[in-house]
Every structure is written in C-alpha cells, then in structure tokens.
Amino acid sequence: GDEIKAEMVDELSKKHFPLCMRTLHENLRRDHHLKHFGRLQYGLFLKVLGLSIDEAIAFWRKSFSRITDDKFNKEYKYNIRHSYGLEGKRANYPAKSCQQILTPGPSDHGCPYRHYSPENLQTALLAAYSSRGLTSSDLPEIMAMVKTDHYNSACTRVFEITHSAFGVKKGEGVGGNDSVTHPNQYAARSMELLK
Ligand code: SF4
C-alpha cells in the first residue's frame, strides 16, 4: 500500500484502528511510553500497516518525548530495528493475530474485548468510536457477544457499525462476511473503504 508517515499515525488510529491498537496508541500518547510487549505488538502492527523503518524510528523517538536521544538510541532503537529484521537473526517477524493477542497476558497489550471489565470496555468503546457512529444503544448487543466469549464477533460488529456510513452492513464483516481475525486485516479493510 501507500507509505505511511510517522505524523499520519494519530489520524489513522482514530479512523481505522481496532480497539486493541487504538488503546495502545492512546496509552502511548498519555504516558509518552509503552512497556516492552505493548511496544512490540504495536510496532509490528505499524510495520505491517506500512510504516518504514525510518518512519518507525521517527515515530517512536517523537512518542517517547520524555527521554534523551542517548537513552532512546541505547535502549529502544535496536529493538525497533530488530523487529524490522535488521538486527540479530534478521527474522521477518509477522504482526500478532487476534488469537495471539487474545491469549491471556499482561493487561496493557491484550484484547480489550476480552481483558477489560465490562464497564471499562463500554467506556473505551464510546470514547474511541462515538465520533464514528457508535452510540450507547449499540452496546447491549456488543456486550452480549463479549459475555459469551465471542470477542472477535464483538470487534467485527464494532467494525460494521463504525463503517456503516461507508456502505458496510451488519453481517458483512471485514469483507466477504469474514470476522476480524487480525488487527491488520481490520485496519487494512477500513483504509480501503475510506479511500
Ligand atoms: Fe484487536 Fe482482534 Fe481484539 Fe479486535 S478482536 S480488539 S482486532 S485483538
């Protein structure tokens, strides 16, 4: 796809990201930091979204605004380059799928549909998506899916609701009636629809 620039990420996050990545972005902006696993998960997502290594370094350097260049270069730059396959064993690391993110782990980088309390999830959903058409009357249906452990279905329904202005109907999912199985699939489909 088109190249994504570091300064585009704020807007892309608001328009196109699923709640897991939206949450990591908001946490990064709030704390000017993300812990290791959140950084890894979000960094790989942004890589697959189309952020080049140079733009990734620019993005993280600017985001970690409370540390010195020296600390950034020593403690973070290597790991960013590593995740792009430019250090160590030079592996082409894929971005994490929903299934990997849904596997219970430290709470700062999981799937909000699974790992948040019902109250926090509803607050987060309205904060993230009311500007894209989600209202509190949509919440009971979403929460019923969450309650029966259908996290991907809940995320898919949120996608449908927040893209209804772009022609997406309930049941169509992220195209071809597919449910969300990967955060990058969610974001890529959203970017395609809003082009
Ligand atoms: Fe992210 Fe997948 Fe959870 Fe949606 S279902 S919030 S894409 S991990």
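We count ligands from 1, going down the list as the structure has it; atoms in each ligand are counted the same way. Values in this document were obtained by computation on a predicted structure and should not be read as measured data. Values reported hereafter were calculated over all heavy atoms of this structure, with side chains retained and with hydrogens, waters and symmetry mates removed.
Between Y76 and F72, the ring planes are tilted. Angles from 30° to 60° get that label. Ring pair F59/H25 is parallel by interplanar angle, where below 30° counts as parallel and above 60° as perpendicular.
Judged by distance alone, the side chain of D138 and the main-chain N or O of L134 form no donor-acceptor pair under 3.5 Å.
Using modelled atom types and a 3.5 Å distance limit, the side chains of Y151 and H115 yield no donor-acceptor pair. Between the side chains of H163 and S190, at least one donor-acceptor pair of N or O atoms lies under 3.5 Å. Between the side chains of S65 and H32, at least one donor N or O lies within less than 3.5 Å of an accepting N or O.
Around atom 2 (Fe) of ligand 1, protein N, O or S atoms at less than 2.8 Å comprise C98 SG.
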